[in-house]
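These numbers come from the heavy atoms of this one structure, side chains and all, not from hydrogens, waters or symmetry mates. The chains referred to below are lettered A, B, ... by the order of the sequence lines, with proteins before strands, and numbering in each begins at 1. What you are looking at is a predicted structure, and each value in this text was computed from that prediction instead of being measured.
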Number of protein chains: 2
Amino acid sequence: MTPTLDAPAPGRTRRNRGSELVRSRLVAAAIGEFSAHGFEGASTRAIADQADAHQSQIKYHFDTKEELWRRCLDQLLAEVDIAIAEQPGVGSDDPRDVIESLIRGLVAFAAARPELNRIMMHEATSPSSRLTWLVENRLAQRRSDLLAAWNELVSTGQAAPVDADVLYHTLIGAASLLYANAPEAVLMGIQPNDPDVIQRHADGLVAMFLRPNT
Amino acid sequence: MTPTLDAPAPGRTRRNRGSELVRSRLVAAAIGEFSAHGFEGASTRAIADQADAHQSQIKYHFDTKEELWRRCLDQLLAEVDIAIAEQPGVGSDDPRDVIESLIRGLVAFAAARPELNRIMMHEATSPSSRLTWLVENRLAQRRSDLLAAWNELVSTGQAAPVDADVLYHTLIGAASLLYANAPEAVLMGIQPNDPDVIQRHADGLVAMFLRPNT
DNA sequence: GTCTATAATTAGATAGAC
DNA sequence: GTCTATCTAATTATAGAC
């Protein structure tokens with residue numbers, strides 16, 4: 001891992017380059033620990049060790065464990081937005097193409113980067129300052145966007161009979177649990193990393209959530 | 001909470017009644033803590049406090065935190081089996097009725113008792129001795145039973161085009177995430193405890209996973 | 001910016017009085 | 001069976017040398 005591979009972030013001088021690297025390594029390690037063990041189960045020492053840094057550097061770079069956690073979420077949410085935006089039909093005029101792209105983007109991302117769904121499943125089981133921050137500042141808008149696209153589909157009669165109230169969790173649960181719970185799936189003899197499995201999974205969800213275009 | 005309401009367990013004398021009560025109170029408290037904070041995030045002191053017992057009684061009654069955790073899972077799995085068995089069509093000859101009962105039973109249980117799915121989502125994010133025990137000794141058989149029923153539905157052409165490989169996680173994710181993540185859903189303005197919401201959720205899943213009976 | 005040392009707290013497990 | 005007291009280890013946070 002050579003520092004010179006990372007360009008300085010905007011507004012930062014060359015002298016900060018090393019610091020940015022440490023920050024990104026800490027975030028990367030923290031994403032792994034938070035997703036595997038939850039916020040409370042993850043230790044800052046384990047995170048620092050994985051990042052080849054010292055535990056006290058977390059205080060210097062992020063002040064608290066919770067602020068580090070928020071940086072992890074922002075990193076992952078940026079990635080899921082990219083994964084969805086990369087889908088071919090995402091900007092289509094046809095609401096069916098938009099929802100299909102969203103479903104395929106969610107499956108592809110959950111499979112490639114299960115950490116976001118894992119962290120969500122850890123956090124959403126009980127109220128906390130982190131969960132409130134996450135929903136209010138990061139997730140509420142995304143859910144609104146999904147519902148807007150879904151309502152377009154409903155208006156053209158192509159949506160499956162899924163209530164708007166439950167759509168968000170039904171779709172995300174159906175799309176991501178297999179990958180979020182990959183260690184369990186593997187013990188059950190499933191290969192959640194097999195591209196064929198992922199493809200058939202996405203195809204099945206598209207067929208279920210979108211009504212046949214008669 | 002009166003001890004006399006609990007009958008002595010089979011093979012136990014009247015003198016053990018108090019002990020059985022403490023055990024059941026510890027299990028009940030532990031289910032709440034494990035589901036909210038995960039195994040690592042839950043503390044045996046908080047569990048004992050909630051059960052009006054002392055932390056060291058966990059050692060006496062269950063020896064280790066992990067053994068207490070296993071008792072919690074057995075309690076919850078017994079409850080989900082009952083919830084499914086209570087569905088009217090579960091013993092039907094028609095495979096469609098069997099799957100419909102399973103879906104409705106899963107939704108009803110996840111809504112009424114989200115703790116099981118919460119604990120599963122905490123545990124299944126990384127390998128552990130607990131996860132291996134759980135899958136091998138408790139879940140593998142249940143998944144086989146589901147797949148057997150599903151294959152019957154496939155053979156009669158009434159199953160949605162969902163691969164057998166991914167069916168288990170797709171169905172459980174679609175049925176339970178809303179309730180497992182209820183604290184998040186509430187922050188989003190959803191009422192996961194509203195019987196109407198639950199009813200429409202179950203209806204939607206039945207319509208999606210079962211092909212129209214043409 | 002980095003790193004050592006440590007404070008303050010809490011964890012699970014346990015010994016032994018009652 | 002219950003409960004007090006305590007052990008060992010791990011936790012986050014922090015002060016200060018370099």
Side-chain angles (χ1 to χ4, degrees), chain A residues 1-4 6 8-9 11-27 29-30 32-34 36-72 122 128-130, chain B residues 1 3-4 6 8-9 11-27 29-30 32-34 36-72 122-123 128-130:
Chain A
M1 193 73 69
T2 57
T4 50
D6 280 14
R12 297 202 169 260
T13 67
R14 203 170 179 289
R15 296 188 62 177
N16 292 102
R17 190 180 276 179
S19 185
E20 287 300 318
L21 179 68
V22 172
R23 293 166 71 91
S24 69
R25 290 172 65 92
L26 283 170
V27 167
E33 290 298 294
F34 286 140
H37 306 294
F39 180 82
E40 299 168 289
S43 97
T44 54
R45 272 191 167 74
I47 292 168
D49 284 352
Q50 276 189 35
D52 269 318
H54 285 78
Q55 185 246 351
S56 48
Q57 284 176 271
I58 290 176
K59 158 120 180 126
Y60 179 79
H61 287 289
F62 303 97
D63 196 42
T64 63
K65 185 185 182 183
E66 184 155 339
E67 177 60 23
L68 170 59
W69 180 91
R70 280 195 286 266
R71 299 305 190 97
C72 292
H122 284 301
S128 70
S129 57
R130 301 184 300 279
Chain B
M1 193 74 70
T4 51
D6 280 13
R12 295 201 171 260
T13 68
R14 203 173 179 289
R15 296 188 62 179
N16 292 100
R17 191 181 277 178
S19 186
E20 287 298 317
L21 180 68
V22 172
R23 294 166 72 90
S24 69
R25 290 173 65 90
L26 283 170
V27 167
E33 290 297 293
F34 287 141
H37 305 111
F39 180 82
E40 299 168 289
S43 95
T44 55
R45 275 187 169 78
I47 292 168
D49 284 352
Q50 277 189 33
D52 269 318
H54 285 78
Q55 186 245 349
S56 48
Q57 283 176 271
I58 289 176
K59 157 113 179 135
Y60 178 80
H61 288 289
F62 303 98
D63 197 41
T64 62
K65 185 185 183 184
E66 184 155 342
E67 177 59 23
L68 170 59
W69 180 90
R70 280 194 287 265
R71 298 304 190 101
C72 293
H122 284 301
E123 292 299 329
S128 70
S129 56
R130 301 184 300 280

What integer distance in Å separates Glu33(A):CD from dT11(D):P?
-> 10 Å
Choosing from dG1(D), dA13(C), dT2(C), which nucleotide comes nearest the side chain of Tyr60(A)?
-> dT2(C)
Ignoring the backbone of Gln57(B), work out which of dT11(D), dT2(D), dA13(C) is nearest its side chain.
-> dT2(D)
Which of the following nucleotides, dT11(D), dT2(C), dG1(C), is nearest to the side chain of Val22(A)?
-> dT2(C)
Given dT14(D), is OP1 or OP2 found less than 4.0 Å from the side-chain N or O atoms of Lys59(A)?
-> yes
Rounded to the nearest Å, what distance is computed from the CG atom of residue Asp63(B) to the C1' atom of nucleotide dA13(C)?
-> 10 Å
For the pair made of CG in Asp49(B) and C1' in dA11(C), what is the distance, rounded to whole Å?
-> 14 Å
Report the nucleotide, chosen from dA13(C), dT11(D), dG12(C), that has the shortest atom-to-atom distance to any side-chain atom of Thr44(B).
-> dG12(C)
Roughly how many Å is it from CZ in Arg45(B) to P in dT9(C), rounded to a whole number?
-> 15 Å
Could you work out which one of dG12(C), dA13(D), dT14(C) sits closest to the side chain of Lys65(B)?
-> dG12(C)
Give a yes or no on whether a salt bridge exists between Lys59(A) and Asp63(A), defined as a side-chain N under 4.0 angstrom from a carboxylate O.
-> yes
Between atom CD in Glu67(A) and atom C1' in dA13(D), what is the gap in whole Å?
-> 16 Å
Do the side chain of Ser56(A) and the base of dT4(C) come within less than 3.5 angstrom through a donor-acceptor pair of N or O atoms?
-> yes
Given Phe39(B), which of Glu33(B), Lys65(B), His122(B) fulfils the side chain to side chain contact (heavy atoms under 4.5 Å, CB included) condition?
-> Lys65(B)
Is there a donor in the side chain of Glu66(B) and an acceptor in the side chain of Ser129(B), or the other way round, less than 3.5 Å apart?
-> yes
Output yes when a side-chain donor or acceptor of Arg25(B) lies under 3.5 Å from a complementary backbone atom of Ala51(B), and no otherwise.
-> yes
How is Ala42(B) classified with respect to the nucleic acid when contacts are heavy atoms under 4.0 Å: base, sugar-phosphate, or nothing?
-> sugar-phosphate
Do Arg71(A)'s NZ or CZ and the ring of Phe62(A) fall within the cation-pi criteria of under 6.0 Å and 45°?
-> no
To the nearest angstrom, the CZ-P distance between Arg23(A) and dT2(C) comes to 11 Å
Check the distance between dA13(C)'s P and Phe62(B)'s CZ and give it to me in whole angstrom.
-> 13 Å
From the options dT2(D), dA13(C), dA11(C), select the nucleotide whose nearest atom is closest to the side chain of Gln55(B).
-> dA13(C)
Could you check which of dT4(C), dC3(D), dT14(D) has an atom nearest any side-chain atom of His54(A)?
-> dT4(C)
How many Å lie between CD1 on Ile58(A) and P on dA13(D), as a whole number?
-> 9 Å
